[in-house]
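Every heavy atom of this structure was used, including side-chain atoms; hydrogens, water molecules and symmetry mates were not.
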Amino acid sequence: MWKNIQPAPPDSILGLTEQFRKDPNSQKVNLGVGVYKDDDGKTPILAAVKEAEIMLLARETTKSYLPISGDPQYSSLVQQLVLGKDCEAIKNKRAATIHAPGGTGALKVGADLLKRFNPEAKVWVSSPTWANHNGIFGDAGFAIESYSYYNPDSKGLDFEKLIEDLGKIPAGDIVVLHACCHNPSGVDLDQAGWDAVVTQAEQQGWIPFLDFAYQGFGEGIFEDRYAVERFSMSGMDFLVASSFSKNFGLYNERTGALTVVCPNAEDATVAMSHLKTVIRTNFSNPPAHGGLVATLILDDTQLYEQWLIELGEMRNRIKAMRSALVKGLADCGVPGDFSFIEKQRGMFSFSGLSDDVVKWLRAEKSIFVVGGGRINLAGLTTQNVDHVCQAIAEAVKAVG
């Protein structure tokens, strides 16, 4: 049946990782895929996670299915982390949370849910956005449009155009927003900016869908959730897809959640009933291990404090690599001011490198960067950052 069907194109990021794995160069560097690396270039298991796994294995008595929506305690603790422990929406039971297989699974459940009850809506994503947003919402059957976000000339936020575009989106449409650590640009809204975005949502009546995959990688878990808290205070309907891949390092456990926040408890009950029907036809029940590990950590004071320390260490390492890259590029004489990289947040940066430079780096130096110049700062280490900066200097000189 496959004789007359062309192969699907490789994923722009995961396909790059496959190329990286096959590259024999001992000095190869992967600055593409969004996975945290320590200074030894490895993705570590957090000590808090390892301790929680030991506890879980000692206590575990069954491998039976979790409920369709996941473990209730997991959902409760996710709400406290994402919305804030004292959030009014939690107290008044306005939030419905399900355990999803990763942030991607949470986005897909949310997309399928919205398609059922708002089939004519369009989905609006930032320009640029994480490439898989287009795939997820397109696969759910939505037409996709974009709103202004990043200004390539200033290497920063195009705030006036952003607010102008959001003010034109009609009621009932869905707007995907990056709650923090914007992927791929690293450029975030400040609190005043989020206040303005919430005002536009209230005035226009569109549905906010927040992608919250990097909580804790910006300034901290409390600071990074400002957008979620602000939308919650508004009392409007909105959705939040969250993930424990990055901040807990639970990449291969596929541990995420979807939270639907409603104007009242009755609406949240209705939302949960339909979330379960969507899950039933997608994956029936979520995977248990990662969620139960996260539950143990969030519910244990000692493990929670240990996790916060480890998360802070990851966040600070990335910031240090931002500074090292900016200094290294200047020391190597790369033309231009790259100080904007230090102002960005999270794992990613729009580096300003041209596609020709990106291709040269891959072909000549086995340094893998996503097209458009997006780099993962966590792929840099104290051992390779000088090599990367020197290679970029050579590339810029070679391609002009």
Side-chain angles (χ1 to χ4, degrees), residues 12-13 16-17 19-20 28-37 125-131 133 146-162 178 180-190 193 214 217-218 317-382 384-400:
S12 59
I13 297 174
L16 197 67
T17 300
Q19 294 180 44
F20 173 80
K28 63 185 178 180
V29 181
N30 188 357
L31 302 180
V33 67
V35 175
Y36 176 80
K37 304 284 187 180
V125 299
S126 63
S127 178
T129 194
W130 179 46
H133 282 153
S146 65
Y147 58 87
S148 300
Y149 189 85
Y150 179 75
N151 185 331
D153 295 326
S154 68
K155 305 295 194 299
L157 184 69
D158 196 344
F159 182 70
E160 290 185 5
K161 194 71 170 68
L162 164 67
H178 300 240
C180 73
C181 304
H182 184 273
N183 181 5
S185 74
V187 175
D188 280 353
L189 287 152
D190 59 17
Y214 297 94
F217 269 73
R317 197 191 90 74
I318 293 172
K319 289 182 177 181
M321 286 300 101
R322 286 187 179 277
S323 298
L325 179 62
V326 172
K327 182 180 183 301
L329 292 174
D331 290 346
C332 290
V334 179
D337 179 8
F338 288 89
S339 61
F340 63 89
I341 292 176
E342 290 186 276
K343 300 174 185 176
Q344 298 164 345
R345 302 200 311 168
M347 291 170 63
F348 302 114
S349 169
F350 256 11
S351 62
L353 301 178
S354 70
D355 283 342
D356 287 338
V357 168
V358 168
K359 291 176 183 177
W360 191 95
L361 288 171
R362 192 182 310 169
E364 302 297 328
K365 297 293 183 177
S366 299
I367 296 174
F368 290 76
V369 177
V370 177
R374 189 212 78 172
I375 59 174
N376 173 19
L377 278 302
L380 293 174
T381 69
T382 53
N384 69 26
V385 66
D386 289 341
H387 168 65
V388 169
C389 290
Q390 292 165 5
I392 290 173
E394 289 183 47
V396 170
K397 185 176 180 180
V399 302

Q: So Leu162 and Leu189, do their side chains get closer than 4.5 Å, heavy atoms only?
A: yes
Q: If you measure from CG on Asp331 to CD on Gln390, what distance do you get to the nearest 0.5 Å?
A: 10.0 Å
Q: Quick one: does Val396's side chain get under 4.5 Å of Pro335's, heavy atoms only?
A: yes
Q: Keeping Ser351 on the side-chain end and Gly373 on the backbone end, is there a donor-acceptor pair under 3.5 Å?
A: yes
Q: Between Arg345 (side chain) and Phe217 (backbone), is there a donor-acceptor pair under 3.5 Å?
A: no
Q: Given side chain to side chain contact (heavy atoms under 4.5 Å, CB included), test Ile375 with Val388 step by step and report yes or no.
A: CA-CA 11 Å; Ile375 59 174; Val388 169; over 6 Å; no
Q: Is there a side chain to side chain contact (heavy atoms under 4.5 Å, CB included) between Lys365 and Glu394 once you walk through the steps?
A: CA-CA 10 Å; Lys365 297 293 183 177; Glu394 289 183 47; 3.4 Å; yes
Q: Is there a donor-acceptor pair under 3.5 Å between the side chain of Asn183 and the backbone N or O of Gly346?
A: no
Q: Using every non-hydrogen atom in the two residues, find where Thr129 and His178 come nearest and quote the distance to one decimal.
A: OG1-NE2, 2.9 Å
Q: Side-chain contact, heavy-atom cut-off 4.5 Å: Ile367 with His387?
A: yes
Q: Could you report the tightest heavy-atom contact between Val334 and Cys389, atom names first, then the distance?
A: CG2-O, 4.4 Å
Q: To check you understand the geometry: which heavy-atom pair defines the closest contact between Gln19 and Phe368, and what is its length?
A: CB-CE2, 3.7 Å
Q: Search all heavy atoms of Gly352 against all heavy atoms of Lys155 and return the closest pair with its distance.
A: CA-CE, 4.1 Å
Q: Taking the six-membered ring for Trp, is the centroid-to-centroid distance between His182 and Tyr149 below 6.0 Å?
A: yes
Q: Please examine the side chains of Ile318 and Tyr36, heavy atoms only from C-beta on, and report whether any two atoms are closer than 4.5 Å.
A: yes
Q: Can you name the closest pair of heavy atoms from Ser185 and Tyr150 and give their distance?
A: CB-CD1, 3.8 Å
Q: When rounded to the nearest 0.5 angstrom, what distance separates CZ in Arg322 from CZ in Phe340?
A: 10.0 Å
Q: Does the side chain of Tyr147 reach to within under 4.5 Å of the side chain of Ser127, using non-hydrogen atoms?
A: no
Q: About how many Å separate CE of Met347 and NZ of Lys37, when rounded to the nearest 0.5 Å?
A: 9.5 Å
Q: For Lys327, is the NZ atom crowded, meaning more than 12 foreign heavy atoms sit under 6.0 Å from it?
A: no
Q: Rounded to the nearest 0.5 Å, how far does CG of Asn151 lie from CD of Glu160?
A: 10.5 Å
Q: Distance-only, no hydrogens or angles: does the Asn376 side chain make a donor-acceptor pair with backbone N or O of Leu31 under 3.5 Å?
A: no
Q: Kindly indicate whether the side chain of Leu377, heavy atoms from C-beta on, has any atom under 4.5 Å from the side chain of Ser349.
A: yes
Q: Would you confirm whether Arg362, through its side chain, and Val370, through its main-chain N or O, come within 3.5 Å as a donor-acceptor pair?
A: no
Q: Look at the side chain of Arg317 and the backbone N and O of Thr381, then say whether any donor-acceptor pair between them is shorter than 3.5 Å.
A: no
Q: Side-chain donor-acceptor pair under 3.5 Å between Ser339 and Asp337, yes or no?
A: yes
Q: Between Cys181 and Gly218, what is the shortest heavy-atom contact and its length?
A: SG-N, 3.4 Å
